[in-house]
Amino acid sequence: MQTGIPLFPENASTFATPVDTLYVALVLVSIVFMVLIAGLVIGFAIRYRTRPGSEGAKQIHGATSLELLWTAVPLGIVMVIFVWGTKVWFQISRPPAQAEQYYVTGKQWMWKIQHPTGQREINMLHVPINQPIQLRMISEDVIHSFYIPAFRVKRDVLPGRYSTMWFEATKAGTYHLFCAEYCGTKHSQMIGSVIVMEPADYERWLSGAVAGESPRDQGEKLFAALRCDTCHTGLQGARGPDFKGLWGQKVQLSDGSSVTFDEDYVRESILIPTAKTVVGFQQLMPTYAGQVGEDQILSLIAYLKSLSDPAQGGAKP
Ligand code: CUA
């Protein structure tokens, strides 16, 4: 825990140092130019002030070398900032393939979180240290924003569209979790904690938490309970497409266009089945809007995804 007035939040993820270094560099560049410009303005105002008998300014027109200098130097500086900032941004926006998938649902006014192993929490997120964690997030109502200052990550959580973020915690401890988007009267109470634990402590926590099924297994049950399997039988001549090996693939649609079989497409097809029809199939599917919540759609997605993951008994795409 910090004492006194903290200048920076704690440094607890792999992003903290690169983000802070860039931030400090930007502040330093700003200070250098502020001092330079303000100093020259004040200095020149004093040195060249009107005095009795002074003859006024002598105008000059054009100074190519000077103009080249004050174009090239700022261009160089902003290009360095651009390349550097882009590098950090790519690092933050590209989750590594081995990242564990956690699901986050935001609603007025709480965060609901589900672990890949099925445990659920509200306004708390327990994670193991030194493990890339990816959050797939959606809102049930308005725009929220998932913000962990100690990790230097913040991403809006939107209704109707998945957003994702990732981090790798580097220091065990308890850190603030905020909603960083004004979302109604109790926005300021939409807060929680992220608890970073040693792997062994995390395993102990997992076994002690209310277990529950994994999102994939819940999805499989739901798939049967909602009778999805009556049309998506996976057999020849079925009324709906077979999902085995389909994840991440391009799907041809009846209007000639194509779409990637991913989270957003699956969610849309469950809620608005008429939006995009796969070529060779008829428009028979009813909407499941109002019958399934965002959590359940996430489970269905986890199940459909597993059908293309050989490690989980699925087919190779
Ligand atoms: Cu949710 Cu502010």
Side-chain angles (χ1 to χ4, degrees), residues 1-2 5-13 15-16 19-20 23 89 92-93 95 99-116 118-127 132-169 173-197 205 209-210 212 215 218 262-264 266-268 270-272 289-302:
M1 278 287 116
Q2 283 173 324
I5 299 168
L7 195 54
F8 279 94
E10 274 190 273
N11 180 331
S13 87
F15 298 147
V19 168
D20 290 356
Y23 177 75
W89 185 79
I92 291 177
S93 52
E100 290 285 349
Q101 291 272 333
Y102 288 57
Y103 294 112
V104 174
T105 322
K107 63 177 274 194
Q108 287 170 322
W109 287 274
M110 62 171 83
W111 296 109
K112 297 189 288 180
I113 290 159
Q114 189 171 24
H115 290 244
Q119 287 79 355
R120 289 178 182 279
E121 323 185 59
I122 286 178
N123 293 339
M124 295 273 260
L125 171 58
H126 289 76
V127 291
I133 305 282
Q134 185 180 4
L135 308 180
R136 188 162 298 283
M137 311 186 289
I138 195 160
S139 167
E140 290 180 6
D141 36 48
V142 300
I143 301 176
H144 305 276
S145 187
F146 200 87
Y147 179 32
I148 312 168
F151 297 172
R152 312 294 189 273
V153 286
K154 177 166 77 173
R155 183 77 23 115
D156 279 8
V157 178
L158 311 165
R161 195 169 103 192
Y162 294 110
S163 53
T164 172
M165 81 183 205
W166 83 279
F167 56 80
E168 182 178 334
T174 302
Y175 305 102
H176 288 297
L177 163 64
F178 293 116
C179 176
E181 180 74 49
Y182 182 69
C183 55
T185 49
K186 290 184 185 157
H187 157 70
S188 64
Q189 291 166 38
M190 195 167 165
I191 51 176
S193 303
V194 180
I195 296 137
V196 178
M197 311 171 96
W205 179 84
V210 183
Q218 282 173 350
D262 63 4
E263 287 88 355
D264 285 301
V266 168
R267 182 176 177 279
E268 182 188 62
I270 293 170
L271 300 176
I272 317 168
Q291 292 185 56
V292 287
E294 295 294 349
D295 302 2
Q296 293 174 305
I297 296 175
L298 284 167
S299 306
L300 286 167
I301 285 172

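For ligands, and for the atoms within them, numbers begin at 1 and follow the listed sequence. Small disclaimer: the values here were computed from a predicted structure and weren't measured.
- With atom 1 (Cu) of ligand 1 as the vertex, SD (Met190) and SG (Cys179) define an angle of 110°, rounded to 10°.
- Annotation: side chain of Phe151 is not in contact with side chain of Ile133 (no heavy-atom distance under 4.5 Å).
- Side-chain atoms of Ser13 come within 3.5 Å of backbone atoms of Phe15 as a donor-acceptor pair (strictly under, hydrogens ignored).
- Atom ND1 is the N/O/S atom of His187 found closest to atom 2 (Cu) of ligand 1.
- Under the 3.5 Å distance criterion, with hydrogens and angles disregarded, no donor-acceptor pair is assigned to the side chains of Glu140 and Thr105.
- Classified by interplanar angle (parallel below 30°, tilted 30° to 60°, perpendicular above 60°), the ring pair Tyr23/Phe8 is perpendicular.
- Distances from atom 1 (Cu) of ligand 1 to the N/O/S atoms of His144 are shortest for ND1.
- Take the N/O/S atoms of Glu181: the one nearest atom 2 (Cu) of ligand 1 is O.
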